[in-house]
Asks: 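Structure provided below as structure tokens; questions to follow.
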Amino acid sequence: MTIPQKTPVLIWLPPILAVALVAAIVYFSQSQQRDTKPHKYHKQFTGIMGTQATIVIYQQGNSGADQESAAQIVQAAFDAAKKVEGLMNAYDPKSDISRINASSKDSPVNVHPLTWQVLCQSLRFNYLSDGAFNPLTGRLIKLYKWKNNQQKSLPPHDKIEPAVKSARIENLMMTRQNMQVASKNGALLDLGGIAKGFGVDAAIAELKSYGVKNAMVEIGGEIRIIGDVPLDNGVTDKLGEKHRPWTAGIRNPRGLGWIESLKLDDGCAIATSGDYEKFFEIDGKRYSHIIHPDTGLPVSGGVISATIISPTSCLEADALATSACVMGLDNFKKVLNLFADLRAILIMEDGTTVRLKSTLSTKPASTEKEAE
Ligand code: AMP
Ligand code: MG
């Protein structure tokens, strides 16, 4: 007796089993394979340098462990910027800057190498800006109340004059040996015009030390980037691109919204100074939080917003943006050309926008891109 009905089962069972087995292996190996698509990790921080910070990185992998390591990298970058704040905050009595402010020429203080570095850069920008950038405006700043438009009149001459004298750059005494610093003749340091940019650079350096290839760090509007923006999960956009450049916007200094957005090349930094965030008004005249070190008066009119795009340094962009507001258009044009590949967008009091580009370039002429 034959059992024909059983034969097909015996014939077909092995292929079914084989297909199931292959499917299981494929499924299993895929689930074991590392996710190599770029994933975005993004964190906002409050309470740094009197403002907020945002750090964005793109990393491969999206497992719990990947997310945990990305969170640690982002935190390490933020901590690097916080360290800068801890050393350079003039309102923290334990900071290097407060210790220098409490020093005298006979009692210099030893400072951290990072503080030394920023002070050296401050002197460099003071020199290059013909005194417009001045790290010794601390006493002048104490004469004004920007908060809630509290300043009702300009301080009298007998108060401004000694504060202007104290801001003379020779009142900062620096001895390279042991990195010793002192201030004399009542001079007070204030690194508010440069420390945010340096904090951004410190955070970027930390991200690079972890091998991060695509990132953005922003502290209070001062920004620097690494690489570009991988499109979410590696998908291509309509043009078939898997990446797009990081972009940053320039705020309208006299209204809402943004006046333009700029594409940033790898490593670029962008910083903006102006009279639209912290200012007071007397008789309808607006005074910025940036002080003209020669007159001791807050800057009023002229350049109302200065955006600087530096190819390599947020400290440079930050210090030059502050300088541009003090120097005005014509003097700033000369300074710009002391730096390679620098771009500036200045908005003048009358609303005109002036786009400048350094004539000095390290790039071969054929590869140079036009300003956006
Ligand atoms: P920023 O917003 O980067 O232009 O920096 C402005 C801050 O820099 C002010 O709040 C002061 O702390 C400080 N500052 C004011 N005037 C000057 C100046 N002429 N040079 C350097 N720093 C300044
Ligand atoms: Mg600045």
Side-chain angles (χ1 to χ4, degrees), residues 48-52 84-85 88-92 95 97-98 101 118-147 151 160 163-164 166-169 171-172 187-201 218-224 250-251 253 269-280 287-300 302-310 313-328 331-332 335 342 344-347:
I48 176 158
M49 302 186 185
T51 180
Q52 296 178 348
V84 171
E85 182 190 29
M88 298 174 209
N89 178 3
Y91 300 94
D92 174 355
S95 75
I97 296 311
S98 296
N101 285 345
V118 176
L119 288 174
C120 290
Q121 288 290 343
S122 298
L123 291 184
R124 175 174 164 244
F125 282 100
N126 177 263
Y127 177 74
L128 294 173
S129 68
D130 208 9
F133 184 89
N134 188 322
L136 291 180
T137 52
R139 257 187 90 177
L140 283 163
I141 288 164
K142 282 186 189 284
L143 298 178
Y144 301 95
K145 295 186 187 77
W146 282 276
K147 211 173 168 191
Q151 191 81 22
I160 292 185
V164 168
S166 79
R168 286 184 187 156
I169 206 67
N171 288 329
L172 183 63
L188 295 180
L189 276 167
D190 182 302
L191 298 182
I194 196 167
K196 266 191 281 173
F198 186 68
V200 170
D201 287 336
E218 180 256 336
I219 303 178
E222 322 294 43
I223 297 171
R224 191 161 158 210
I250 299 181
R251 265 185 61 178
I270 178 164
T272 301
S273 289
D275 70 356
Y276 53 92
E277 266 182 355
K278 203 171 152 195
F279 63 89
F280 59 77
Y287 293 90
S288 133
H289 66 305
I290 298 168
I291 309 271
H292 200 303
D294 292 343
T295 62
L297 296 175
V299 170
S300 186
V303 175
I304 62 168
S305 163
T307 298
I308 309 292
I309 302 116
S310 158
S313 157
C314 199
L315 174 143
E316 179 175 284
D318 192 4
L320 288 175
T322 307
S323 307
C325 294
V326 177
M327 299 183 86
N331 286 331
F332 184 69
V335 173
L342 210 71
I345 296 157
L346 308 186
I347 302 171

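We count ligands from 1, going down the list as the structure has it; atoms in each ligand are counted the same way. Note that the numbering runs from 1 along the sequence shown for the chain.
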Asks: May I ask you to decide if the ring planes of Phe133 and Phe125 are parallel, tilted or perpendicular, using 30° and 60° as cut-offs?
Replies: perpendicular
Asks: Is a side-chain N or O of Thr137 found less than 3.5 angstrom from the main chain of Leu140, in a donor-acceptor match?
Replies: no
Asks: Give a yes or no on whether the backbone of Ala271 and the side-chain of Glu222 come within a donor-acceptor separation of less than 3.5 Å.
Replies: no
Asks: Crowded around Asp92 CG? As in, over 12 foreign heavy atoms under 6.0 Å?
Replies: yes
Asks: Just jot down the ligand 1 atoms closer than 4.0 angstrom to any heavy atom of Ile141, in number order.
Replies: 11 (C), 12 (O)
Asks: Is there a donor-acceptor pair under 3.5 Å between the side chain of Ser95 and the backbone N or O of Asn89?
Replies: yes
Asks: Under 4.0 Å from ligand 1, counting heavy atoms only, is it the side chain of Pro293, its backbone, both or neither?
Replies: side chain
Asks: Show me which atoms of ligand 1 lie under 4.0 Å from any heavy atom of Thr322.
Replies: 1 (P), 3 (O), 4 (O), 5 (O)
Asks: Using side-chain contact (heavy atoms from CB on, under 4.5 Å), reason through Ser313 and Asp201 one step at a time and then give a plain yes or no.
Replies: CA-CA 7 Å; Ser313 157; Asp201 287 336; 3.6 Å; yes
Asks: Say whether Gly193, considering both its backbone and side-chain N or O atoms, lies within less than 3.5 Å of an N or O atom on ligand 1.
Replies: yes
Asks: Could you tell me, atom by atom, which parts of ligand 1 come under 4.0 Å of a heavy atom of Ile290?
Replies: 4 (O), 15 (C), 16 (N)
Asks: List the closest protein heavy-atom neighbour of atom 21 (C) of ligand 1: residue, atom name, distance to the nearest 0.1 Å.
Replies: Asn134 O, 3.2 Å
Asks: Can you tell me if Ala132 has a non-hydrogen atom under 4.0 Å from ligand 1?
Replies: yes
Asks: The Mg ion (ligand 2) is nearest to which N, O or S atom of Asp318?
Replies: OD1
Asks: Regarding atom 6 (C) of ligand 1: of the candidates Lys196, Lys278, His289, which has the closest heavy atom?
Replies: His289
Asks: Any non-hydrogen side-chain atom of Ile308 less than 4.5 Å from a side-chain atom of Ile270?
Replies: no
Asks: Would a 4.5 Å heavy-atom cut-off, applied to side chains only, mark His292 and Leu297 as touching?
Replies: no
Asks: Out of Thr137, Thr51, Leu189, Val299, whose heavy atom sits nearest atom 17 (C) of ligand 1?
Replies: Thr137
Asks: Please list the nearest protein heavy atom to atom 19 (N) of ligand 1 with its residue and the distance rounded to 0.1 Å.
Replies: Ile291 O, 2.8 Å
Asks: For atom 3 (O) of ligand 1, find the nearest protein heavy atom and state the residue, atom name and distance (0.1 Å precision).
Replies: Asp318 OD1, 3.0 Å
Asks: Backbone or side chain, does Thr322 get an N/O/S atom under 2.8 Å to the Mg ion (ligand 2)?
Replies: yes
Asks: Might you work through the side-chain contact (heavy atoms from CB on, under 4.5 Å) test for Leu188 and Arg139, ending with a clear yes or no?
Replies: CA-CA 6 Å; Leu188 295 180; Arg139 257 187 90 177; 3.7 Å; yes
Asks: Taking non-hydrogen atoms only, is Leu191 closer than 4.0 angstrom to ligand 1 via side chain, backbone, both or neither?
Replies: neither
Asks: When you measure from the Mg ion (ligand 2) to the N, O or S atoms of Gly193, does any of those distances fall below 2.8 Å?
Replies: yes
Asks: Considering only heavy atoms, does Asp190 approach ligand 1 within less than 4.0 Å through its side chain, its backbone, both, or neither?
Replies: side chain
Asks: Quick check: does any side chain N or O of Ser310 sit under 3.5 Å from a backbone N or O of Ala269, one acting as donor and the other as acceptor?
Replies: no
